[in-house]
Participant: 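Let me give you the structure first, and then I'll get to my questions.
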There are 2 protein chains.
Amino acid sequence: MRLTRAGEYAIRCIMYLSYKGKGKLVSKKEIAAKCAIPTHFLSKIAQELQKAKILEIKQGPRGGFVLTKDPSELTLLEVIEAIIGEIYLNDCIARPEMCEASNICAVHKVWQKARRELRNILNSVTFDKLVKDPKCIPNFDKEI
Amino acid sequence: MRLTRAGEYAIRCIMYLSYKGKGKLVSKKEIAAKCAIPTHFLSKIAQELQKAKILEIKQGPRGGFVLTKDPSELTLLEVIEAIIGEIYLNDCIARPEMCEASNICAVHKVWQKARRELRNILNSVTFDKLVKDPKCIPNFDKEI
DNA sequence: CGGTTTTTAGATATTTTTACTCTTAAATGT
DNA sequence: ACATTTAAGAGTAAAAATATCTAAAAACCG
């Protein structure tokens, strides 16, 4: 019951792109180095983020990734769900056909509430705020 | 990012024992049948629940499981964490050594808040309330 | 245009976790 | 003693996570 590594990487990647600014092209190599993400794995993650219209991938020399959304309008929830899919906390909510009475079941009402709260919290945080505060990868501004 | 099947089974098992009442001995076979839990898997789950002092296992003929806590003092969180361990939603909170600045990082403050909220919600629900309401496995009271 | 750089996209591989299952043995009521 | 019921731990199969590899495509540059 935890965020996958891919999800964590996606957050770091978008943190770095947000720090660089919307529309700024940054090479995959630079992002991978700054954010400690295996380069090939970063490709897969970027593909998903591109599908979600969060960034654009530019090929060729001087290629890389470009953030297409303004950090002030991009939330943690959007980035996370672009990678791991919509968050559900238990199976009955995700696959109601598994369970005869999920919409009236007392247990699952609790899970629904928990899910709603979790998604609200993650959706209330935008990347422009996050990059201003101290972060786990603190040396974005150091030269490589 | 979802509850494991073992966690779901544990909830069902405790729901049934709560329905039968604290101190009432119920056979493993009966629980497995009523709650649709593979019997051997139920054994493993019961072992964990016994370690957490939630139930007691009685061997021999006329053996089974006995709920040792009063349903009014047993929460969803206790049962879930007995099975899957303490809930963390991401790695940096769970293993701070992985991450240089987890206690000041803006991203992880969000996760800490989310974790706190989730655990509060799960901890605010007791089994005496849950068994009174409609449930996913609605035929507890039918004969087998 | 041709070569070089950079990334893609899909296939493959490895590791970890999940979800059971099996087997031998122990406990206990009759 | 014996039949019944569960224990405890090893073992297994399937799925998911976490990469890694490879052939090819895109695009810049001279």
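Here is the naming used below: chain letters follow the sequence lines, and residue numbers restart at 1 for every chain.
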Participant: To the nearest angstrom, how far is B/Glu48 atom CD from D/dG9 atom C1'?
Facilitator: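 Checked: the CD to C1' distance equals 12 Å.
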
Participant: Taking for each residue the nucleotide of DNA chain C bearing the nearest heavy atom, is the 5' side occupied by A/Val26 or by B/Pro38?
Facilitator: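 Checking each residue's closest nucleotide, the 5'-ward one belongs to A/Val26.
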
Participant: CZ of A/Phe41 versus P of C/dA13: gap in Å, rounded?
Facilitator: 18 Å

Participant: What is the separation between atom CE on A/Met1 and atom P on D/dA17, rounded to the nearest whole Å?
Facilitator: 14 Å

Participant: Roughly how many Å is it from CG in A/Asp91 to C1' in C/dA19, rounded to a whole number?
Facilitator: 12 Å

Participant: Find the distance A/Gln47:CD to D/dA26:C1' and express it as a whole number of Å.
Facilitator: 15 Å

Participant: Is any side-chain nitrogen or oxygen of B/Ser43 closer than 4.0 Å to OP1 or OP2 of D/dT6?
Facilitator: no

Participant: Round to a whole Å and report the spacing from CG of B/Leu42 to P of C/dT21.
Facilitator: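 In whole Å, C/dT21 P and B/Leu42 CG are 13 Å from each other.
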
Participant: Answer with base, sugar-phosphate or nothing: what part of the nucleic acid does A/Ala6 contact at a heavy-atom distance below 4.0 Å?
Facilitator: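 Contact class for A/Ala6: sugar-phosphate only.
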
Participant: Considering only side-chain heavy atoms of B/Gln59, which listed nucleotide, D/dT6, C/dC20, D/dT18, is closest?
Facilitator: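 So the side chain of B/Gln59 is nearest to D/dT6.
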
Participant: Select base, sugar-phosphate, or nothing to describe what A/Lys58 touches, counting heavy atoms under 4.0 Å on all strands.
Facilitator: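 The residue A/Lys58 makes sugar-phosphate contact but no base contact.
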
Participant: What is the distance, rounded to the nearest whole Å, between atom CG of B/Leu25 and atom P of C/dT28?
Facilitator: 12 Å

Participant: Does a side-chain N or O of A/Arg62 approach OP1 or OP2 of D/dA27 to a distance below 4.0 Å, or not?
Facilitator: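 For D/dA27, neither OP1 nor OP2 has a side-chain N or O of A/Arg62 closer than 4.0 Å.
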
Participant: B/Thr39 and B/Lys28: side-chain donor and acceptor closer than 3.5 Å?
Facilitator: no

Participant: Would you indicate which nucleotide in D/dT18, C/dC20, C/dT23 comes nearest to any side-chain atom of B/His40?
Facilitator: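 Per side-chain heavy atoms of B/His40, the pick is C/dT23.
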
Participant: Picking from D/dA7, D/dT20, C/dT8, which would you name as closest to the side chain of B/Lys28?
Facilitator: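 The closest nucleotide is D/dA7.
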
Participant: Quick one: on DNA chain C, does A/Lys44 or A/Phe65 contact a more 5' nucleotide (nearest heavy atom)?
Facilitator: A/Phe65

Participant: Does a salt bridge link B/Glu73 with B/Lys22, judged by any charged N lying under 4.0 Å from a carboxylate O?
Facilitator: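 A salt bridge is absent here (no side-chain N lies under 4.0 Å from a carboxylate O).
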
Participant: Say whether A/Leu118 and B/Leu77 are linked into one hydrophobic cluster, either directly or through other cluster members, by side-chain heavy-atom distances under 4.5 angstrom.
Facilitator: yes

Participant: Minimum heavy-atom separation for B/Leu67 to B/Ile54, with atom names?
Facilitator: CD1-O, 3.6 Å

Participant: Would you say B/Tyr9 reaches C/dA19's phosphate, i.e. side-chain N/O to OP1/OP2 under 4.0 Å?
Facilitator: no

Participant: Name the residue closer to the 5' end of DNA chain D, choosing between B/Pro61 and A/Pro61 according to the nucleotide with the nearest heavy atom.
Facilitator: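 With B/Pro61 and A/Pro61 compared, the 5'-side residue is B/Pro61.
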
Participant: Linking I/L/V/M/F/W/Y whenever any side-chain heavy atoms sit under 4.5 Å apart, do B/Leu74 and B/Val66 land together?
Facilitator: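 No, because B/Leu74 and B/Val66 fall into different hydrophobic clusters, even though each may have its own neighbours under 4.5 Å.
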
Participant: Starting the side chain at C-beta, find the nucleotide from C/dT7, C/dT18, D/dT18 nearest to A/Ile57.
Facilitator: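 Nearest listed nucleotide: C/dT7.
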
Participant: Can you tell me how far C1' of C/dA19 sits from CD1 of B/Ile84, to the nearest Å?
Facilitator: 15 Å

